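The analysis underlying the following values was restricted to heavy atoms, covering all of them including side chains, and did not include hydrogens, waters or symmetry mates. Values in this document were obtained by computation on a predicted structure and should not be read as measured data.
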Amino acid sequence: IALGRAGTSLPTKPHLDFQLAHARARNAVHHELDVPTLETALRQRNFEPIVVHSAAENRPVYLQRPDKGRRLDAASRELIADRAKDGAGYDVAFVIGDGLSALAIEENVPAFLDAVTPSLKAAKWRIAPLVIVRQARVAVGDEVAELLGANMVVMLIGERPGLSSPDSLGVYLTLHPRVGLTDEARNCISNVRREGMTYEQAAHKLVYLMTEARKRGMSGVMLKDESETLAPAAVAGPARGTFLTSDD
């Protein structure tokens, strides 16, 4: 549609553009996450990530068995349980999963964390140890957060590549995470990347949703994103008496 034609076929340029976009999408799906490089970038930001694995043994199994990507393997469950904090637990756990585009994680996660963590630290959110899950689906974040004793989970995951966006990061928020929750319990911020939603915009939306989820005791379809009604400066400035300074 609207691409022109040459006889009964597409013109050469749109045809080649489609083939390139399709190849990039396929490469993104099969690309293995470069965990050592990601760990280095996170440590430079004062994170000490825990690296674990889903129940999907490898990429082919992951692509054929989505259910296995939603649960941790036994060794990972034990490792995270050993690292769980004693006592009251955490306000939020950030979980990074390769998903259907590890490229999206490599290109976007460090910059996104740079945009979102200052506001959370200023508002004194108790953040759990960062967890990286190989061969991950969105729901695996619920199990990770439940094991850590976190009241909320933010899952950063590579989204299914589109023909024009093989590197799109998805951000999923769930309150009271536990194994067995389904998608209506989550809020999603999608298309976070350099050519899509900016890191600053996504961080603004996420902090708003996190704060409102904690205040109202709900997430997912019951929690609407009204962040556009609140200026970004309000999110970034808890010291001036914004909603982030309230005691919940």
Per-pair distances, 0.1 Å, donor-acceptor, side chain in residues 147-157, under 3.5 Å, sequence neighbours excluded:
| from | atom 1 | to | atom 2 | distance (Å) |
| --- | --- | --- | --- | --- |
| N151 | OD1 | H176 | ND1 | 3.0 |

Thinking salt bridges, do D183 and R186 make one under a 4.0 Å N-O criterion?
yes

Indicate the atoms forming the closest heavy-atom contact of A203 with F112, along with that distance.
N-CE1, 3.7 Å

Any side-chain heavy atom of D73 sitting closer than 4.5 Å to one from V52?
no

Less than 4.5 Å apart, any side-chain heavy atom of D91 and any of M210?
no

Please check if I127 and V207 belong to a single hydrophobic cluster, counting links between Ile, Leu, Val, Met, Phe, Trp and Tyr side chain heavy atoms closer than 4.5 Å.
yes

Take K215 and E212 through the side chain to side chain contact (heavy atoms under 4.5 Å, CB included) test and state the conclusion after the steps.
CA-CA 5 Å; K215 182 190 301 181; E212 291 301 303; 3.2 Å; yes

Checking side chain to side chain contact (heavy atoms under 4.5 Å, CB included) for the pair W125/T211: CA distance, chi angles, key distance, verdict?
CA-CA 10 Å; W125 284 75; T211 304; 4.1 Å; yes

Nearest heavy-atom neighbours spanning E159 and N191
OE1-N, 3.2 Å

Are Y208 and V221 linked, directly or through intermediate hydrophobic residues, by side-chain heavy-atom contacts shorter than 4.5 Å (ILVMFWY only)?
yes

Which is it for I132 and L33 under the side chain to side chain contact (heavy atoms under 4.5 Å, CB included) test, yes or no, and what are the steps along the way?
CA-CA 10 Å; I132 301 170; L33 181 63; 4.0 Å; yes

Closest heavy-atom pair, S101 versus P166, reported as atoms and distance to 0.1 Å, is OG-O, 2.6 Å

Quick one: list whatever passes salt bridge (Lys or Arg N to Asp or Glu O under 4.0 Å) with R71, sequence neighbours left out.
E143

Here the gap from L10 atom CG to K13 atom NZ, rounded to the nearest 0.5 Å, amounts to 12.0 Å

Exercise: identify the closest heavy-atom pair between A104 and G158:
CB-CA, 3.9 Å

Under 3.5 Å, is there a donor on one side chain and an acceptor on the other for N108 and Y199?
yes

D98 bridged to R134 by N-O distance under 4.0 Å
no

Is V133 reachable from L181 through a run of hydrophobic residues whose side-chain heavy atoms are each under 4.5 Å from the next?
no

Honestly curious: do L130 and L173 fall in one hydrophobic cluster under the side-chain, below-4.5 Å linking rule?
yes

With side chain to side chain contact (heavy atoms under 4.5 Å, CB included) as the test, would you mind laying out the steps for L79 and D82 before giving the verdict?
CA-CA 5 Å; L79 175 62; D82 287 343; 5.5 Å; no

Salt bridge between D142 and R178, side-chain N to carboxylate O under 4.0 Å?
no

With side chains defined as the heavy atoms from C-beta onward, is the minimum distance between M197 and S190 less than 4.5 Å?
no

Measuring from R194:CZ to S168:OG, what's the distance to the nearest 0.5 Å?
12.5 Å

Could you give the distance from CZ (R83) to CD (E78), rounded to the nearest 0.5 Å?
14.0 Å

Just so I know, are the side chains of S227 and H204 near enough to count as touching, which here means a heavy-atom distance under 4.5 Å?
yes

Is any side-chain heavy atom of V131 closer than 4.5 Å to a side-chain heavy atom of V51?
no

Quick check for you: to the nearest 0.5 Å, what is the distance between Y172 atom OH and L206 atom CG?
13.5 Å

Would you confirm whether T174, through its side chain, and P177, through its main-chain N or O, come within 3.5 Å as a donor-acceptor pair?
no

Closest non-hydrogen atoms of P49 and E39, given as atom of the first, atom of the second and distance, are CG-CG, 4.1 Å

Heavy-atom side-chain contact between V35 and L38 under 4.5 Å:
no

Minimum heavy-atom distance between L175 and G217, given as atom pair plus value
CD2-C, 3.3 Å

With sequence neighbours excluded, residues passing side chain to side chain donor-acceptor pair (under 3.5 Å) with E106
H31

Check ion pair E107-R193 (N to O, under 4.0 angstrom)
no

Euclidean distance, I96 CD1 relative to F47 CZ, rounded to 0.5 Å:
8.0 Å

Would V140 and V179 show up in the same hydrophobic cluster when neighbours are defined by side-chain heavy atoms closer than 4.5 Å?
no

I189 side, atom CD1; L169 side, atom CG - distance, nearest 0.5 Å:
9.5 Å

Neighbour count >12 (heavy atoms, 6.0 Å) for atom CZ, R43:
yes

For Q135, which of H53, R59, E57 qualifies under side-chain hydrogen bond (donor to acceptor under 3.5 Å, both in side chains)?
R59

